[in-house]
Number of protein chains: 2
Amino acid sequence: MLKYQQTATEIEAYIEQHTLQQGDKLPVLEQLIRQFAVSKTTMTKSLELLERKGIIFQVRGSGIFVRKTNRKGYIKLFSTQGFKQNLVDHDIASNVLTFELIPCPDEIAQNVGSSPGEMVYYIKRIRYIDGNILCLEESYYRQAIVPYLNREIIEQSIFEYLETALGLNIGFSDMYMHVGKLTASIAGHLKLEAGDPGLTIETVFHLTNGRPFDYSVITYHYEHSQFVVQANGLYL
Amino acid sequence: MLKYQQTATEIEAYIEQHTLQQGDKLPVLEQLIRQFAVSKTTMTKSLELLERKGIIFQVRGSGIFVRKTNRKGYIKLFSTQGFKQNLVDHDIASNVLTFELIPCPDEIAQNVGSSPGEMVYYIKRIRYIDGNILCLEESYYRQAIVPYLNREIIEQSIFEYLETALGLNIGFSDMYMHVGKLTASIAGHLKLEAGDPGLTIETVFHLTNGRPFDYSVITYHYEHSQFVVQANGLYL
DNA sequence: TTGATAAATTGTGCATGTACAATTATAATG
DNA sequence: CATTATAATTGTACATGCACAATTTATCAA
């Protein structure tokens, strides 16, 4: 683990241990540098990381403060990773409906950038949160990049397997969202009625080297899903 | 404008001028440093900024590459700013339904962190995209921070006014999203039917110093809104 | 007490330099 | 020709140092 990541983790722990709340002030930069025995560069990178994660915010001339969202029960969107990480408070389970190795359909090939005839793993599963239906997920993994999957892996966290077992480095993702009325088919899976509202998110995941390896379409159960996003300005 | 921001802008222009596409390689770091006559630190910060904006991605040992989303007609969510910035391709208009200065309602006070009895500007408006109804927006601005607003300002971009005219520095925001069935009242404004799907986003906007100044609730017209988010891993 | 002014505090911008990791290109080997 | 080992390329981590901007605190004048 890199030093600035490690330091960031330690600062998070510090915030926990001291039970700091929204708006509470952390030690000043100089003090943090001494306390964690790192250089200014490293500490700055650590703080920047924490800022991006929505843990703190920094005010020049004033100090470094804790940032927290007050609402509970919201799923943190856009942590790139699956849910597994940011839903430690919740009980996530999966029910695999379909799992097969197929030639990549044309519509999918466009999104995942695969060549014609290339094989992909197709996975269809229902995901539950605290016993309730959270979403229906259909995903396609390029076998060229993910050579092997099985049901056992799929019932757990796929991404964790990719990173730890396969050593893949997950980089960035493009997400396309829209809201609409559920089709009878999807509604059936979610135990809802056709025409009920649904949030659909299509995502193309890329490795750090830019190669797309996974295209997924998730439709969320509107009664069991709500999301929080902590945005940081992008200074034009 | 800061040097690294300026440099980032110039690199964006470079990408445009050379009509670089998804996956195309930029000059190597050393070359960029010479070409734009800045230090390594500055160039690195510029590239990091562009990476966060989803313009490029970097691969160690390999190079710097252009990143583009292929889909058109999607609204970029989470640029912190209003739409004005990232919707240059679209025609955005507003129709103000209500505009008044009122004592802050209790439910709102919790979100925007105002003291009891504090005055807030309440604004209710319909926003149009390319002639179609995009969303219904209700927002509350603390007068303690935003001392003055008028109809003319409101019909344009409020955030632009806050930054340029008032010199406020907009920092971060917390967004809470959920999907549901529209009430008859909201549906009426959107020219939809009660029970139709709707995406609702509540947002609390903060200044860079952490003070919340705006709470807004936006309900999107499901047929005229679709969003794209370019996420970058957060390396646990 | 109020309000302006100066000074101290504190985070950010920018430059330079060393070391290193991941990738890619090249050379050697069978 | 394929494979392996080696070297060159290229971005990232980390340290140090100087200058500066925004904020807060202290000081002084009225």
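Throughout, a chain's letter reflects where its sequence line sits, starting with A, and its residues are numbered from 1. None of the values given here were measured: they were computed from a predicted structure.
Between A:Val59 and B:Phe65, the one whose closest nucleotide on DNA chain C sits nearer the 5' end is A:Val59. Each of B:Thr42 and A:Thr208 was matched to the nucleotide of DNA chain C holding its nearest heavy atom; the match closer to the 5' end belongs to B:Thr42. Sequence order on DNA chain D of the closest nucleotides to B:Gln58 and A:Ala37 puts B:Gln58 first from the 5' end. Take the nearest nucleotide of DNA chain D for B:Gly63 and for A:Val38: the residue whose nucleotide is more 5' is B:Gly63.
Nearest heavy-atom pair, A:Phe57 versus B:Thr208, reported as atom, atom and distance to 0.1 Å: CD1-O, 4.0 Å. Smallest separation of non-hydrogen atoms from B:Val96 and B:Arg151: O-NH2, 3.5 Å.
Using a 4.0 Å heavy-atom cutoff across all strands shown, B:Ile64 reaches sugar-phosphate atoms only and no base atom.
Atom CZ in A:Arg60 sits about 17 Å away from atom P in D:dA19, given to the nearest Å. For the pair B:Leu29 CG and C:dT24 P, the interatomic distance rounds to 17 Å; values are reported in whole Å. Rounded to an integer number of Å, the gap from B:Asn209 CG to D:dT24 P is 7 Å. Separating the CD atom of B:Glu48 from the P atom of D:dT12 is a distance of 10 Å, rounded to the nearest angstrom. Note: CD1 (B:Ile33) to C1' (C:dC14) measures 13 Å, nearest angstrom. Following rounding to the nearest Å, A:Leu49 (CG) and D:dT12 (C1') show an atom-to-atom distance of 14 Å. The interatomic distance linking A:Met43 (CE) with C:dG13 (C1') rounds to 19 Å, in whole Å. The distance from atom NZ of A:Lys40 to atom C1' of C:dT12 is 8 Å, rounded to the nearest whole Å.
Closest to the side chain of B:Lys25, from the set D:dT10, C:dC14, D:dC14, is D:dT10. When distances run from any side-chain atom of A:Ser39 to the nucleotides D:dC14, C:dT12, D:dT10, the shortest one goes to D:dC14.
Regarding contacts with the backbone of C:dA15, a side-chain N or O of B:Lys3 is found under 4.0 angstrom from either OP1 or OP2. Within the structure, every side-chain polar atom (N or O) of B:Lys45 is placed at least 4.0 Å from both OP1 and OP2 of C:dT12. The side chain of A:Thr41 places no N or O atom within less than 4.0 Å of a non-bridging phosphate oxygen (OP1 or OP2) of D:dC14.
Put simply, the side chain of B:Ser62 and the base of C:dA22 share no donor and acceptor less than 3.5 Å apart.
Screening B:Tyr140, B:Phe172, B:Tyr215, B:Phe159 for a ring-ring contact (aromatic ring centres under 6.0 Å, His included) involving B:Phe205 leaves a single residue, B:Phe159. Exactly one residue among B:Arg71, B:Arg67, B:Lys68 makes a side chain to side chain donor-acceptor pair (under 3.5 Å) with A:Asp174. That residue is B:Arg67.
Annotation for B:Glu152: atom CD does not count as buried by contact number, only 12 or fewer foreign heavy atoms lying within 6.0 Å.
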